[in-house]
2 protein chains.
Amino acid sequence: MKSFSVPNPAVKRLSLYLRRLEQLAEEGTKTVSSRQLAESLRLSDAQVRKDLTYFGQFGRPGVGYEVRPLVEELRRILGTDRVRSVVLIGVGDLGRALLRYRGFPNRGFEIVAAFDIAQDKIGRDVGAVRIRHLDELGDALVEYDLDMAIMAVPPHAAQEVADRLCEAGIGGILNFAPTTLNTPRKVAVFSVDLAASMEQLSFQVHTRK
Amino acid sequence: MKSFSVPNPAVKRLSLYLRRLEQLAEEGTKTVSSRQLAESLRLSDAQVRKDLTYFGQFGRPGVGYEVRPLVEELRRILGTDRVRSVVLIGVGDLGRALLRYRGFPNRGFEIVAAFDIAQDKIGRDVGAVRIRHLDELGDALVEYDLDMAIMAVPPHAAQEVADRLCEAGIGGILNFAPTTLNTPRKVAVFSVDLAASMEQLSFQVHTRK
DNA sequence: CCCTGTGAACCTGTTCACAGCG
DNA sequence: CGCTGTGAACAGGTTCACAGGG
């Protein structure tokens, strides 16, 4: 694994490749060329090849890529070759929706514990998961072998929750709060900013004409 | 407005600037320098200045940027200088959460209508919005003056719903389905792929060591 | 001929460094 | 002196074009 100098956008596209390859595998397709893969994702064939070679040589000239092995390979690269347990912090409307989101288990992520601080939520079940108090967070990270958290808390609480996650030794945070988190270098943070996404779209719509 | 050649990442950061500036305005801060703005967002001061000058000259040498006017300016650029009405398609768990998401109205987006195809959902209310059948979509786009949609439908339905939106004359789509949508060039699409975001994070966490 | 892998060319976006204004 | 705005240098990513394998 050469982890030196892989463009971030390339990693992002790896997810797209994986999704498409899983589809192809289900349809029974055995091999696929960079061009075919590219077309269905509206990318260029060169892009696909370049992206894949950042991580190794998976194709065969004249043939293309074998679907099944490449799926395995990409999962390994993305760290989803085994099921990854995840905790959720913040069980509001968004948190509840994420708890039930099928796309997570489908792609190898299982939310195994949920935390909040509202007393009236503690002890309740959402699906198979019981809501616990945030103070028990440390225990849970030990109990399950687990290194990622999903944060769906109000903006004003985000930094404190992030601090507690880092203190508990979390490896990465998927942050839904519209806040710039202050975290140690070694903790990976990836933010999903819903309102900002709408603003991006709004900009596109209202300047394209 | 010079809409030629603005880096996309710059537009993305505009959202961050706006959010921070709104905070500063609330705190009563009158002016802010590129350095101050940059620090709170973990960017470089040069980046901030460069980004802003893609859209005009808003600062004063020796002083910085006046918070209030810059907020107005950024809103105008992002198209949120007035409230934007939006429709939601797909009222599952995620759709419901988005209907209730405070971040949208806070940033000038109001979901004024919701659509689904499940008969048992039609006619029900979520918050102030009544769920209608997708067939009535065309009417709604006329009824409200509106050009953006949020799509929170299952992957298998995504392309068809997108087709119907485009047919109805939508201007842009915020897509939550993990699918590459096929849409006419003139329709702006912005995708939020939750599972892919987790995979990004997983990659960071599991290769950083 | 079809396809991959890859250096090289190209393009896009970021950082630097400084002129010039208040 | 502090701060913006900006060309110029630089870095990061993408596309091109082709050598070489099946």
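By convention in this document, chain letters (A, B, ...) are assigned in the order of the sequence lines, proteins followed by strands, and residues within each chain are numbered from 1. Not measured: the values here are computed from a predicted model.
Taking side-chain N and O atoms only, B:Y65 has a distance below 4.0 Å to OP1 or OP2 of D:dG5. Between A:Q47 and D:dG13, a side-chain N or O to OP1/OP2 separation shorter than 4.0 Å is absent. Note on A:Q57: every side-chain N or O is 4.0 Å or more away from OP1 and OP2 of C:dT4.
When all heavy atoms are compared, the tightest approach of B:G95 to B:L88 is O-CD2, 3.4 Å. Nearest heavy-atom pair across A:V161 and A:L134 is CG2-CD2, 4.2 Å. A:V205 approaches B:A188 most closely through the heavy-atom pair CG2-CB, 4.1 Å.
Take A:R75 and apply the side-chain hydrogen bond (donor to acceptor under 3.5 Å, both in side chains) test, not counting sequence neighbours, and it matches A:E22.
For the residue pair B:D45/B:S34, the side-chain donor-acceptor check at 3.5 Å is not satisfied.
Taking atom CG of A:N8 as the reference point, atom C1' of C:dG13 lies 15 Å away to the nearest angstrom. Look at CG on B:L43: it is 16 Å from P on C:dG13, rounded to the nearest Å. Residue A:R13 contributes atom CZ, which lies 10 Å from atom P of D:dG13 at whole-angstrom precision. If you take CZ of A:F58 and C1' of C:dT6, they are 15 Å apart, rounded to a whole angstrom. In this structure, B:E66 places its CD atom 14 Å from P of C:dG22, rounding to the nearest Å. One interatomic measurement links the two molecules: CG of B:L52 to C1' of D:dT4, which rounds to 10 Å at whole-angstrom precision. Rounded to whole Å, the distance from CD on A:Q36 to P on C:dC3 is 7 Å. In this structure, CG of A:D51 is placed 7 Å from P of D:dT14, rounded to the nearest angstrom.
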- Take A:S15 and B:Q200 through the test side chain to side chain donor-acceptor pair (under 3.5 Å) and record every step on the way to the result. CA-CA 8 Å; A:S15 294; B:Q200 295 317 293; 3.2 Å; yes

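Sorted by residue number, the members of residues 15-35 of chain B with any non-hydrogen atom under 4.0 Å from DNA chain D read B:S33, B:S34.
Nearest-nucleotide positions on DNA chain D for A:V63 and A:R49 put A:R49 closer to the 5' end. When each of A:S44 and A:R60 is assigned the nucleotide of DNA chain D bearing its nearest heavy atom, the one mapping closer to the 5' terminus is A:S44.
Paired with A:Y17 under the rule side-chain contact (heavy atoms from CB on, under 4.5 Å), one option of A:V32, A:V71, A:L43 passes, and it is A:L43.
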